[in-house]
Amino acid sequence: MYAIELDDFDIEQIAQSGQCFRINKTGDNRWTIIAFSRKLNVFQFGTHCGFDCSEDEFLEIWYDYFDLQTDYSKIKQMVKNTGDNYLINAVNFGYGVRVLRQDIWEMVVSYIISQQNNITRIKNIIERICQPFSDKFPTAIDLQNYTILDFQNLGLGYRAKFLFEMVQNVVNKKIILENLETMPYDDLIQYLKQFNGIGDKVANCIALFGLHKTEAFPIDVWMRRIINTKYSGNFDYKQFGKFAGIIQQYMFFYERCGMKK
DNA sequence: CTGCAGGCCCTTA
DNA sequence: TAAGGGCCTGCA
């Protein structure tokens, strides 16, 4: 168990911020995360955090995964300087939200599945996809012999064709995921949108969660609702530059979880 | 048992 | 460029 004190970090908030489909609460103050072919048990009480792995593994894998190299207090301060009360409330409420650095291929698959879909069903589909691979997320090669019907049988519905095509594109090197990282944000979005099943929203999710392009600002129905009700339909996210995506996470989490409690 | 959920694609005008 | 209908399916 590797123990550490962490500020601006709340695993429960991260799990509920909608960016990850493979974090599950397993008990009081306990969660299990599956990422990068590893399973990690996490304990958190206040700022006391425990990670069920060696220090070496934590520093090698999970430090980066949790985006611990980024100072979120600076982002919060910047938000406070705007004087925008809605954003300030959102940041105060979601004090422990962070943007995880997740695997690009997993994000491509997950967000193709996510369209016009609910969270429970998305998680169940992803679980069924991973089940034959001992819960590790399968590579495109792993899935290359899957047919559209196979994916339909896993519950993807009309999205089965999109995933089938994407698997083939990766296997045939028609798209090389490793090359996406260096693409400028605008080019990246245009490029991703060429593929069937990837529109503006999904492309921005892939850019933000899979490539940590933090200028990405995915607008889904929740974000649209905020923009319409709090900002009269107009929200200039570009003013936040590279912080837009992180601010999006605060807004999204506040909208989804803020009023319940 | 309806209605819909973290959109996208295609067709019209 | 904008607007609108159809789409799989299981969960609320």
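Chain A is the first sequence line, chain B the second, and so forth, proteins listed ahead of strands; every chain is numbered from 1.
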How far does [atom1] of [X] sit from [atom2] of [Y], to the nearest 0.5 angstrom?
{"X": "Ile11(A)", "Y": "Trp31(A)", "atom1": "CD1", "atom2": "CH2", "result": "7.0 Å"}
{"X": "Asn204(A)", "Y": "Leu192(A)", "atom1": "CG", "atom2": "CG", "result": "9.0 Å"}
{"X": "Tyr63(A)", "Y": "Glu55(A)", "atom1": "OH", "atom2": "CD", "result": "12.0 Å"}
{"X": "Ile112(A)", "Y": "Ile198(A)", "atom1": "CD1", "atom2": "CD1", "result": "4.5 Å"}

Quiz item: Nucleotide range of DNA chain C contacted by chain A, 5' to 3', under 4.0 Å to a heavy atom?
Solution: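 Taking any atom under 4.0 Å from a heavy atom of chain A, the span is dC7(C) to dC11(C).
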Quiz item: For the residue pair Lys213(A) and Met183(A), what are the closest heavy atoms and their distance?
Solution: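 That would be NZ-O, 3.0 Å.
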Separation between the [atom1] atoms of [N] and [M], rounded to whole Å:
{"N": "dA3(C)", "M": "dG6(B)", "atom1": "P", "result": "24 Å"}
{"N": "dC8(C)", "M": "dC1(B)", "atom1": "P", "result": "22 Å"}
{"N": "dC4(B)", "M": "dG5(C)", "atom1": "P", "result": "14 Å"}
{"N": "dC11(C)", "M": "dC8(B)", "atom1": "P", "result": "23 Å"}

Self-check item: Residue met sooner reading DNA chain C from 5', once Leu156(A) and Asn124(A) are mapped to nucleotides
Solution: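 The residue closer to the strand's 5' end, by nearest nucleotide, is Leu156(A).
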Self-check item: Close aromatic pair by centroid cut-off 6.0 Å: Phe235(A) and Phe217(A)
Solution: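 Centroid distance Phe235(A)-Phe217(A): below 6.0 Å, so yes.
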Practice problem: For the pair Gln248(A) (side chain) and Met223(A) (backbone), establish whether a donor and an acceptor sit closer than 3.5 Å, ignoring hydrogens and angles. | Solution: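 Here the side-chain-to-backbone pair does not exist.
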Quiz prompt | Donor-acceptor contact present, side-chain Gln44(A) to main-chain Phe9(A), <3.5 Å | solution =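 Yes, because the side chain of Gln44(A) sits within donor-acceptor range (under 3.5 Å) of the backbone of Phe9(A).
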Exercise. Under the ring-ring contact (aromatic ring centres under 6.0 Å, His included) rule, what do Phe93(A) and Tyr254(A) come out as? Steps first, then yes or no, please.
Key: CA-CA 7 Å; Phe93(A) 181 78; Tyr254(A) 187 45; 5.6 Å; yes
Exercise. Quick one, give me the B/S/- string for nucleotides 6-13 of chain B, reading 5' to 3', where B means a protein heavy atom under 4.0 Å from the base and S means that only happens at the primed atoms, P, OP1 or OP2.
Key: BBSS----
Self-check item: Consecutive-pair stems (3 or more, Watson-Crick or G-U, under 3.5 Å) for DNA chain C
Solution: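 Counting only runs of 3 or more consecutive pairs, the stems involving DNA chain C are B:2-5 with C:9-12, B:7-13 with C:1-7.
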Quiz item: Got a salt bridge between Lys161(A) and Glu165(A), using NZ or NE/NH1/NH2 to carboxylate O under 4.0 Å?
Solution: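 Salt bridge between Lys161(A) and Glu165(A), a charged N being under 4.0 Å from a carboxylate O: yes.
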Quiz prompt | Sidechain N-carboxylate O distance under 4.0 Å for Asp200(A), Lys193(A) | solution =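 Between Lys193(A) and Asp200(A) there is a salt bridge, with a charged N closer than 4.0 Å to a carboxylate O.
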